[in-house]
S.K.: 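Pasting a structure here, questions to come.
Letters A, B, ... are given to chains in the order of the sequence lines, protein chains preceding strands, and every chain is numbered from 1.
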2 protein chains.
Amino acid sequence: MSITSDILRGHTEAIILSSLLEQDSYGYQINKDIMKKTNNTYELKEATLYSAFRRLEQAGCIRTYWGDETVGARRRYYAITDEGRMAYQGYKQEWQEVKKIIDKLLK
Amino acid sequence: MSITSDILRGHTEAIILSSLLEQDSYGYQINKDIMKKTNNTYELKEATLYSAFRRLEQAGCIRTYWGDETVGARRRYYAITDEGRMAYQGYKQEWQEVKKIIDKLLK
DNA sequence: CATATATACCTCGCCTGTCAATGTATATAT
DNA sequence: ATATATACATTGACAGGCGAGGTATATATG
């Protein structure tokens with residue numbers, strides 16, 4: 001079963017931040033990681049991914065730099081900031097709340 | 001802490017169906033029930049509620065009838081259909097999946 | 001009697017996140 | 001040559017949530 005967008009909506013940024021918590025990474029790789037972690041049940045669409053990057057950068061949650069690849073396509077790397085770490089903690093806590101609430105409501 | 005719209009988005013219909021599973025009810029009451037169940041941490045906005053009713057009716061998940069109140073404001077009652085029960089089971093199962101996925105992704 | 005509050009319904013139009021479609025460029029496999 | 005994988009990015013449509021606004025009935029309060 002695949003998960004509808006509306007259900008995942010709003011988790012995108014938290015998911016990206018979580019990935020960046022482990023290590024700096026770039027768009028393509030982050031998405032691959034997500035797919036792997038979820039056994040291919042969930043993937044961020046590229047447009048969704050990149051618009052989330054813009055928002056996160058705008059909010060100061062991530063900063064970006066170009067990789068120094070000499071071969072292959074260039075990579076734009078993302079790194080989580082202190083602000084991003086804080087935002088992530090908020091997202092995570094919110095998720096715990098949401099779980100409780102929805103579990104209560106869907107009986 | 002209040003829950004952002006984006007997080008709850010997509011759960012609205014499931015929440016309403018769940019409420020109707022217990023008994024026929026009407027908009028105002030359904031919302032009150034939800035608030036009570038969540039200790040006032042979550043309420044559906046009216047516009048959200050009514051647009052969800054329209055979708056659910058359109059999809060054949062609920063049917064509606066007017067109450068026979070002789071005093072006070074009229075009430076439009078909603079009842080869940082067999083189709084609605086099936087849809088609810090789907091939503092519920094999806095929620096179990098989503099919980100697992102997000103838990104995996106937010107480490 | 002005037003006013004506020006609670007109950008109960010509803011619509012319009014904006015906002016925002018998702019995503020299909022499309023485009024660019026590099027490298028490798030067949 | 002052609003296809004596929006890697007890697008980036010933008011545009012415009014779509015859909016759900018919701019603020020703001022509206023209608024009507026009943027009761028409480030000063």
Side-chain angles (χ1 to χ4, degrees), chain A residues 2-17 19 24-36 40 42-59 61-62 64-78 91 94 98 101-102, chain B residues 2-17 19 24-36 40 42-59 61-62 64-78 91 94 98:
Chain A
S2 103
I3 308 300
T4 62
S5 323
D6 280 333
I7 298 285
L8 271 313
R9 189 183 175 116
H11 294 292
T12 307
E13 294 173 27
I15 290 167
I16 291 172
L17 288 178
S19 183
D24 290 10
S25 190
Y26 55 97
Y28 208 80
Q29 184 59 47
I30 289 171
N31 217 2
K32 285 268 182 290
D33 288 347
I34 290 169
M35 278 190 274
K36 197 179 169 194
N40 297 308
Y42 177 50
E43 76 165 320
L44 287 172
K45 300 303 181 304
E46 290 199 6
T48 303
L49 187 67
Y50 288 110
S51 68
F53 282 145
R54 299 298 155 260
R55 285 196 303 276
L56 284 167
E57 198 178 358
Q58 195 72 26
C61 290
I62 57 175
T64 140
Y65 57 94
W66 286 102
D68 57 356
E69 288 71 43
T70 47
V71 292
R74 72 209 167 136
R75 297 171 179 168
R76 184 197 281 278
Y77 280 84
Y78 298 95
Y91 281 131
E94 189 181 21
V98 168
I101 289 181
I102 306 284
Chain B
S2 100
I3 308 299
T4 62
S5 325
D6 280 332
I7 298 284
L8 270 313
R9 188 183 173 117
H11 293 293
T12 308
E13 294 173 25
I15 290 166
I16 291 171
L17 288 178
S19 182
D24 290 10
S25 190
Y26 55 98
Y28 207 81
Q29 184 60 46
I30 289 171
N31 217 3
K32 284 269 180 290
D33 288 347
I34 290 170
M35 279 191 270
K36 196 179 167 192
N40 296 310
Y42 178 51
E43 74 164 323
L44 288 172
K45 300 304 181 306
E46 290 200 6
T48 303
L49 186 67
Y50 288 110
S51 66
F53 282 145
R54 299 298 155 260
R55 286 197 303 277
L56 285 166
E57 198 179 356
Q58 196 72 26
C61 290
I62 57 175
T64 142
Y65 57 95
W66 287 102
D68 57 356
E69 288 72 42
T70 46
V71 291
R74 71 209 168 136
R75 297 171 178 168
R76 184 196 280 277
Y77 280 84
Y78 297 94
Y91 281 131
E94 190 181 20
V98 168

S.K.: For B/Ser51, which contact category applies under a 4.0 Å heavy-atom criterion: base, sugar-phosphate, or nothing?
M.R.: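 If one applies the 4.0 Å heavy-atom cut-off, B/Ser51 turns out to touch nothing in the nucleic acid.
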
S.K.: Quickly work out the A/Arg75 CZ to C/dA27 C1' distance and round it to whole Å.
M.R.: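 Rounded to whole Å, this separation is 12 Å.
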
S.K.: Starting at the 5' end of DNA chain C and moving along, which residue's nearest nucleotide shows up first, A/Arg55 or B/Tyr26?
M.R.: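 Nearer the 5' end of the strand: B/Tyr26.
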
S.K.: Round to a whole Å and report the spacing from CD1 of A/Ile16 to C1' of C/dG17.
M.R.: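 To the nearest whole Å, that distance equals 12 Å.
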
S.K.: First locate atom CG of B/Leu44, then atom OG1 of B/Thr12, and finally report the distance between them rounded to the nearest 0.5 Å.
M.R.: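 Going from CG on B/Leu44 over to OG1 on B/Thr12, the span is 5.5 Å.
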
S.K.: Please tell me which of A/Ala73 and A/Asp6 maps to the more 5' nucleotide of DNA chain D, matching each residue to the nucleotide holding its nearest heavy atom.
M.R.: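 Its nearest nucleotide being more 5', the pick is A/Ala73.
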
S.K.: Is the closest side-chain donor-acceptor distance between A/Thr4 and B/Glu94 under 3.5 Å?
M.R.: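 B/Glu94 and A/Thr4 do have a side-chain donor-acceptor pair below 3.5 Å.
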
S.K.: As an exercise, state the distance from NZ of B/Lys32 to CE of B/Met35, rounded to the nearest 0.5 Å.
M.R.: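 Separation between the atoms: 4.0 Å.
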
S.K.: How would you label the contact of A/Ser5 with the nucleic acid (heavy atoms, under 4.0 Å): base, sugar-phosphate, or nothing?
M.R.: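 Sugar-phosphate, backbone atoms only, no base.
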
S.K.: Between D/dA7 atom P and A/Tyr50 atom OH, what is the distance in whole Å?
M.R.: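 From A/Tyr50 OH to D/dA7 P: 9 Å.
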
S.K.: Round to a whole Å and report the spacing from CZ of A/Arg9 to C1' of C/dC19.
M.R.: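 These atoms are roughly 11 Å apart.
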
S.K.: Write down the distance between CZ (A/Phe53) and P (D/dC8), rounded to a whole number of angstrom.
M.R.: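 It works out to 7 Å between those atoms.
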
S.K.: Determine the sole option in B/Tyr65, B/Tyr28, B/Trp66 for which the ring pair (Phe, Tyr, Trp, His ring centres under 6.0 Å) test with B/Tyr77 is passed.
M.R.: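 Only one of B/Tyr65, B/Tyr28, B/Trp66 forms a ring pair (Phe, Tyr, Trp, His ring centres under 6.0 Å) with B/Tyr77, namely B/Tyr65.
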
S.K.: Classify the nucleic acid contact of A/Tyr78 as base, sugar-phosphate or nothing, counting any heavy atom under 4.0 Å across all strands shown.
M.R.: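 Sugar-phosphate contact only.
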
S.K.: Whole-Å distance between D/dA15 C1' and A/Ile7 CD1?
M.R.: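 Those two atoms, CD1 and C1', are 14 Å apart.
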
S.K.: C/dT7 C1' sits how many Å from B/Glu69 CD, rounded?
M.R.: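 From B/Glu69 CD to C/dT7 C1': 11 Å.
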
S.K.: For the pair made of CD in A/Glu46 and C1' in C/dA20, what is the distance, rounded to whole Å?
M.R.: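 Those two atoms, CD and C1', are 12 Å apart.
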
S.K.: Go ahead and name the base partner of C/dT30; Watson-Crick or wobble counts if both distances stay under 3.5 Å, otherwise write none.
M.R.: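 D/dA1 - that is the nucleotide pairing with C/dT30, both distances being under 3.5 Å.
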
S.K.: Hey, which of these two, A/Val71 or B/Gly27, hits DNA chain C nearer its 5' end, going by closest nucleotide?
M.R.: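 Its nearest nucleotide lies further toward 5', so the answer is B/Gly27.
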
